[in-house]
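The block underneath contains the structure these notes are about, expressed in structure tokens.
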Amino acid sequence: MDPDAVAKAFVEHYYRTFDSNRQALGGLYQDGSMLTFEGDKIQGAAAIVAKLTSLPFQQCAHAISTVDCQPSGPPGGVLVFVSGSLQLGGEQHSLKFSQMFHLIPTPQGSFYVLNDIFRLNYA
Amino acid sequence: MIANYARRSQQSTPLSASLTLRYKLKGGSEGTSWDEISPSSAEAMDPDAVAKAFVEHYYRTFDSNRAALGGLYQDASMLTFEGDKIQGAAAIVAKLTSLPFQQCAHAITTVDCQPSGPAGGMLVFVSGSLHVGGESHALKFSQMFQLMPTPQGSFYVLNDIFRLNYA
């Protein structure tokens, strides 16, 4: 599969799911998955979903500015590097963020997130 | 003899020297400390330590002698620089040394890292600012690297993606 196509499809799916139903993100992670969210290190799908659903806001809308990707090595992995902004419900100003994902192919022909690192970009 | 010495002193410290770490970061309620471990113990290197050493080496080299960055890449290495895709150490060095500035100073704000899989790779995610010589405003950037181990016990950059973060 073309890495660019994989990255584009993944990014659209991920942020649409995040902005509508964070709980459903669990399907994208597995036991070995790692998330570093603003410096907090979390491992495993269950703990990751717990972290993301406990973030202190109800509504969130991501707007993506750039998506870059590269193949990550022999097993067919894809690195995805995203930058954009996010608007939290009720807040006046949007926040800028960068995020990287390492996607690994599943036997079923899909991808799961092995690595996920998120950082806000403060002015 | 003096000419030889001058040439040698311009070579950056190889990354392998920075990475001959024999320390293990120990955490505790008082904070973290470095515990020296003997070279004979076959401990895996602490990812955070590797990431820290790499980041310091990379940006110090970038800011002082961009041409010397070539030693960190190999033929399969990939760089995406503000959307431009480049492959191979030679082409990557050509790109970085052709950037339109002489002086550059990076200031690193955050470094995050995670192991990237069974091959022993490591992902390093950096954010910070950079000051280009002569410009009055600093630019914000984010960059990610995937480091892969070499047989000599060092690391090379397989993947490198750089983006400026515009206001």
Side-chain angles (χ1 to χ4, degrees), chain A residues 2-4 7 29-30 32-44 48 63-86 93-105 111-123, chain B residues 25 27 46-48 51 73-74 76-88 92 107-129 137-149 156-167:
Chain A
D2 170 30
D4 286 305
Y29 300 91
Q30 294 186 5
S33 297
M34 289 164 275
L35 165 65
T36 304
F37 190 93
E38 280 289 284
D40 289 343
K41 300 180 190 184
I42 299 123
Q43 178 145 22
I48 289 171
I64 304 309
S65 304
T66 65
V67 179
D68 294 305
C69 70
Q70 292 177 359
S72 70
V78 179
L79 293 168
V80 183
F81 189 56
V82 181
S83 74
S85 61
L86 59 98
H93 300 287
S94 66
L95 300 167
K96 295 207 171 295
F97 76 93
S98 297
Q99 188 161 13
M100 61 145 288
F101 303 94
H102 184 199
L103 309 181
I104 303 290
F111 286 83
Y112 79 96
V113 179
L114 175 61
N115 304 96
D116 179 348
I117 304 181
F118 174 91
R119 278 284 180 187
L120 292 169
N121 298 329
Y122 296 103
Chain B
L25 190 65
D46 173 26
D48 286 307
Y73 300 91
Q74 294 187 3
S77 297
M78 290 164 275
L79 165 65
T80 304
F81 189 92
E82 281 288 284
D84 290 343
K85 298 182 190 183
I86 299 124
Q87 178 144 19
I92 289 171
I108 304 310
T109 310
T110 64
V111 179
D112 294 305
C113 70
Q114 292 177 359
S116 68
M122 183 163 342
L123 296 169
V124 182
F125 189 56
V126 182
S127 74
S129 62
H137 299 289
L139 299 167
K140 295 206 173 292
F141 76 94
S142 297
Q143 187 160 15
M144 60 145 286
F145 303 93
Q146 178 173 215
L147 308 183
M148 298 300 290
Y156 77 96
V157 178
L158 175 60
N159 303 95
D160 180 347
I161 305 180
F162 174 90
R163 277 285 179 187
L164 292 170
N165 298 328
Y166 296 103

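Per chain, numbering begins at 1; letters A, B, ... match sequence-line order. Model, not experiment: these values are computed from the prediction.
- Contact count versus chain A (heavy atoms, under 4.5 Å) is highest, among B:Thr109, B:Asp112, B:Thr80, B:Val111, for B:Asp112.
- In this structure the side chain of B:Phe125 reaches within 4.5 angstrom of the side chain of A:Ser98, judged on heavy atoms.
- B:Gln114 places a side-chain N or O within donor-acceptor distance of the main-chain N or O of A:Asp116, the cut-off being under 3.5 Å.
- Annotation: the span from B:Glu82 atom CD to A:Thr66 atom OG1 amounts to 8.0 Å, rounded to 0.5 Å.
- Put simply, the side chain of B:Asn159 never gets that close to the backbone of A:Leu79: no donor and acceptor are under 3.5 Å apart.
- Contacts of B:Asn165 with chain A are made by side-chain atoms alone, with heavy-atom separations under 4.5 Å and no backbone atom involved.
- Taking the ring centroids of B:Phe162 and A:Phe81, they lie at or beyond the 6.0 Å cut-off.
- With a 4.5 angstrom heavy-atom cutoff, B:Gln87 does not touch chain A via any of its atoms.
- For B:Pro115, the parts lying near chain A are the backbone and the side chain together; criterion is any non-hydrogen pair under 4.5 Å.
- In this structure the side chain of A:Ser65 never reaches within 4.5 angstrom of the side chain of B:Arg163, judged on heavy atoms.
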Chi angles and distances behind the side-chain contact (heavy atoms from CB on, under 4.5 Å) call for A:Ser72, B:Gln146: CA-CA 8 Å; A:Ser72 70; B:Gln146 178 173 215; 3.7 Å; yes

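- B:Leu164 does not touch chain A: none of its heavy atoms, backbone or side chain, sits under 4.5 Å away.
- The OG atom of B:Ser127 lies 13.5 Å from the CZ atom of A:Phe97; values are rounded to the nearest 0.5 Å.
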